[in-house]
Amino acid sequence: MVFRNVIVCHMVPGSERTVGDVFGYYDRTTRPQDLGVIGRILLSHEDLYIHVIERKQDPKVSGQTRGLPAFQKIAEAIAPYVTPYPRYWKNPSDSVAKEFYHWEPDGEPATDRTLTLIVGRIKPGAEPDVARIFAESDAGPLPVELGVTGRWLYSIDDVYVHLLEQDAAIAEATRHNHDKPAFAKIMEDLSPYISPYRPDTWRGPQDGVAKVFYRWRAED
């Protein structure tokens, strides 16, 4: 099992390469795996920076909460480009999104999986309603039809993050299959609680998908 933390911040648009290069340098020259980190994914969406940290063990148990030995140096290097998102921000832990729903199917997951990260805005206090809608859907056949091997929902301030793990082959085959009645029902049920992050540029579900600009996996 992989434990994931999701960090959400503001990012200066167009600075992806600079920020990615900072992490690339320290991922090559230090050993994040010594702190329990086995992978990281950096993504951007509009003015958002999203950092998915993958660990072998829950950091609440291991006590290893930082992703790199050079944490302070990285923070200083990316400070001109990455800034706190939450209005209530007081310290770095306030940038960690809160997981409010998690689902994985029974049985062995596919060996070749792909991750998609969907971003939106969430109505304050709507987490229980959103979790209920997905729990009802995940109890039916739709996740299997779409090859879903895991789903994690997070919120931070008014940002909603949906981390979707799928069988890679099924995900590719169903990538544009948004006309299923069951899928349409979820979207309708979510509409009072979830809205596009940037409504003026949103044309469909694909416009809510964050773009990966850096990946790293531990080799040992």
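- Contact check on Asp207 versus Arg203 returns a salt bridge, with a Lys/Arg side-chain nitrogen under 4.0 Å from an Asp/Glu carboxylate oxygen.
- Listed for the Arg28 side chain is a donor-acceptor partner under 3.5 Å among the backbone atoms of Gly24.
- No side-chain donor-acceptor contact under 3.5 Å links Glu188 to the backbone of Ile186.
- In this structure, the separation between CD1 on Ile156 and SG on Cys9 is 7.0 Å, given to the nearest 0.5 Å.
- In terms of modelled atom types and a separation under 3.5 Å, the side chain of Gln166 and the main chain of Leu146 share a donor-acceptor contact.
- Ion pairing between Glu165 and Arg4 holds under the 4.0 Å rule for side-chain N and carboxylate O.
- The local environment of CG in Asp200 is crowded, with over 12 non-hydrogen atoms from other residues, nucleotides or ligands closer than 6.0 Å.
- There is a side-chain donor-acceptor pair under 3.5 Å between Tyr85 and Asp158.
- Arg121 places a side-chain N or O within donor-acceptor distance of the main-chain N or O of Tyr197, the cut-off being under 3.5 Å.
- To the nearest 0.5 Å, atom CD1 of residue Ile53 and atom CD1 of residue Ile41 are 11.0 Å apart.
- The same ILVMFWY cluster, assembled from side-chain heavy atoms under 4.5 Å apart, contains both Tyr101 and Leu142.
- Between the Asp94 side chain and the Asn91 main chain, a donor and an acceptor come within less than 3.5 Å of each other.
- Trp216 places no side-chain N or O within 3.5 Å of a backbone atom of Ala218 that could act as its donor or acceptor partner.
- With contacts defined as side-chain heavy-atom distances shorter than 4.5 Å, the pair Asp157/Trp89 does not qualify.
- In this view, Trp103 satisfies the side-chain hydrogen bond (donor to acceptor under 3.5 Å, both in side chains) rule with no residue, not counting sequence neighbours.
- Looking at heavy atoms from C-beta onward, Val22 lies out of side-chain contact with Tyr81 at the 4.5 angstrom threshold.
- Between Ile50 and Tyr154, every side-chain heavy-atom pair lies at or beyond the 4.5 Å cut-off.
- Counting only heavy atoms from C-beta outward, the side chains of Pro105 and Val148 never approach each other to under 4.5 Å.
- In this structure, Trp152 and Glu104 have side chains that are in contact, with non-hydrogen atoms separated by less than 4.5 Å.
- Within 6.0 Å of CZ in Arg217 there are more than 12 heavy atoms belonging to other residues, nucleotides or ligands.
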